[in-house]
Amino acid sequence: MKLQDYQILNRRNWQDLADDYIEPAEKAWRSSNEYWGIWNTSEQDLQLLPEDLKGKKCIELGCGGGYVSAWLARRGAKAVGIDPTPNQLKTARRLETKYRLGIEFVEGFCEHLPFSDSSFDFAISEYGASVWADPYKWIPEAARVLNEGSQLIFMTDH
């Protein structure tokens with residue numbers, strides 16, 4: 001896959017910013033109360049995540065430090081996080097090793113997901129692919145890897 005200029009720039013930018021997100025990722029991984037976005041809105045108030053994900057295969061698109069993947073795993077999901085940024089994935093993998101939730105982290109771009117058709121039951125992007133990836137490419141890719149009738153939730157600030 002030939003990377004587009006915006007993908008190269010986004011990866012470089014997030015590589016440089018990754019250290020700034022270590023502490024917030026650590027806080028979110030250890031928190032028993034999930035919260036969303038820059039305003040830390042409680043999951044209890046928003047109810048974006050299905051309560052019970054036992055036996056469901058779920059993907060976080062643009063996972064960064066992987067804390068949303070951790071929230072999915074704690075609800076019983078077999079969680080997978082994908083991100084194009086090695087430095088962000090380093091944090092996610094370190095925290096997975098610490099908490100041992102069974103999350104798989106994959107380096108890749110959401111515009112070209114390295115998964116077969118209909119392989120997930122739920123997909124979510126919190127300021128990941130929903131902000132940084134081309135929506136004309138990542139949304140069809142998310143639809144492709146989701147089982148029929150599955151849900152895609154994403155959060156953005158624009």
So, for [X] and [Y], which heavy atoms are closest and what is the spacing to 0.1 Å?
| X | Y | result |
| --- | --- | --- |
| Cys63 | Ser69 | CB-OG, 4.3 Å |
| Pro86 | Pro84 | CD-O, 3.3 Å |
| Asn147 | Ser119 | OD1-N, 4.1 Å |

Donor-acceptor under 3.5 Å ([X] side chain, [Y] main chain):
| X | Y | answer |
| --- | --- | --- |
| Glu43 | Asn33 | no |
| Ser125 | Ser130 | yes |
| Asn87 | Ala18 | no |
| Glu126 | Gly37 | yes |
| Asp121 | Cys58 | no |

Quick one: pull up [atom1] in [X] and [atom2] in [Y] and give me the separation to the nearest 0.5 Å.
| X | Y | atom1 | atom2 | value |
| --- | --- | --- | --- | --- |
| Glu60 | Ile153 | CD | CD1 | 12.5 Å |
| Lys90 | Thr85 | NZ | OG1 | 14.0 Å |
| Leu95 | Ile103 | CG | CD1 | 9.5 Å |
| Thr156 | Trp132 | OG1 | CH2 | 9.0 Å |

Of all residues at least two apart in sequence or in a different chain, which pass the salt bridge (charged side-chain N to carboxylate O under 4.0 Å, His left out) check with Asp52?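 Here the qualifying residues are Lys54.
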
Are side-chain heavy atoms of [X] and [Y] found at a separation under 4.5 Å?
| X | Y | answer |
| --- | --- | --- |
| Glu148 | Ser118 | no |
| Trp29 | Thr91 | no |
| Phe122 | Leu49 | yes |
| His112 | Gln7 | no |

Do [X] and [Y] land in one hydrophobic cluster if side-chain heavy atoms of ILVMFWY residues count as linked below 4.5 Å?
| X | Y | value |
| --- | --- | --- |
| Leu53 | Trp36 | yes |
| Val131 | Tyr67 | yes |
| Leu9 | Tyr127 | no |
| Ile8 | Phe109 | yes |

Dump the intermediate steps for side chain to side chain contact (heavy atoms under 4.5 Å, CB included) on Asp134 and Gln4, then the final yes or no. CA-CA 10 Å; Asp134 180 342; Gln4 301 296 309; over 6 Å; no

All side chain to side chain donor-acceptor pair (under 3.5 Å) counterparts of Tyr6, not counting sequence neighbours: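 Tyr6 satisfies side chain to side chain donor-acceptor pair (under 3.5 Å) with Glu111 once adjacent residues are dropped.
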
Assess the residue pair Leu48 and Met155 against the criterion (side chain to side chain contact (heavy atoms under 4.5 Å, CB included)); give the C-alpha distance rounded to whole Å, side-chain angles, the decisive distance to 0.1 Å, and a yes or no. CA-CA 10 Å; Leu48 295 175; Met155 184 180 297; 3.8 Å; yes

Apply the test side chain to side chain contact (heavy atoms under 4.5 Å, CB included) to residues Tyr99 and Arg30: give CA-CA distance (whole Å), side-chain angles for both, the deciding distance (0.1 Å), then the verdict. CA-CA 9 Å; Tyr99 290 96; Arg30 71 176 168 262; 3.1 Å; yes

Could you give all pairs that pass the salt bridge (charged side-chain N to carboxylate O under 4.0 Å, His left out) test and reach residues 99-108, with sequence neighbours left out?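 As it turns out, the salt bridge (charged side-chain N to carboxylate O under 4.0 Å, His left out) pairs with a partner in residues 99-108, which skip direct neighbours, are Arg11-Glu107.
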
Mind listing the side-chain donor-acceptor pairs of residues 19-28 below 3.5 Å, one per line with the distance, residues two or more places apart or on another chain?
from: Glu26; atom 1: OE2; to: Arg94; atom 2: NH1; distance (Å): 3.3
from: Glu26; atom 1: OE2; to: Arg94; atom 2: NH2; distance (Å): 2.7

Rest of the hydrophobic cluster containing Trp138 (Ile/Leu/Val/Met/Phe/Trp/Tyr, side-chain heavy atoms under 4.5 Å)?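 Answer for Trp138: Ile59, Leu61, Val80, Ile82, Val106, Leu113, Phe115, Phe120, Ile139, Val145, Leu146, Leu152, Phe154.
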
Does Glu141 come within less than 4.0 Å of Arg144, counting only side-chain N to carboxylate O?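 Salt bridge: yes.
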
Residue pairs fulfilling ring-ring contact (aromatic ring centres under 6.0 Å, His included) with at least one residue in residues 77-98, sequence neighbours excluded: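 Every candidate ring-ring contact (aromatic ring centres under 6.0 Å, His included) pair involving residues 77-98 fails, so no pair, neighbours aside, qualifies.
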
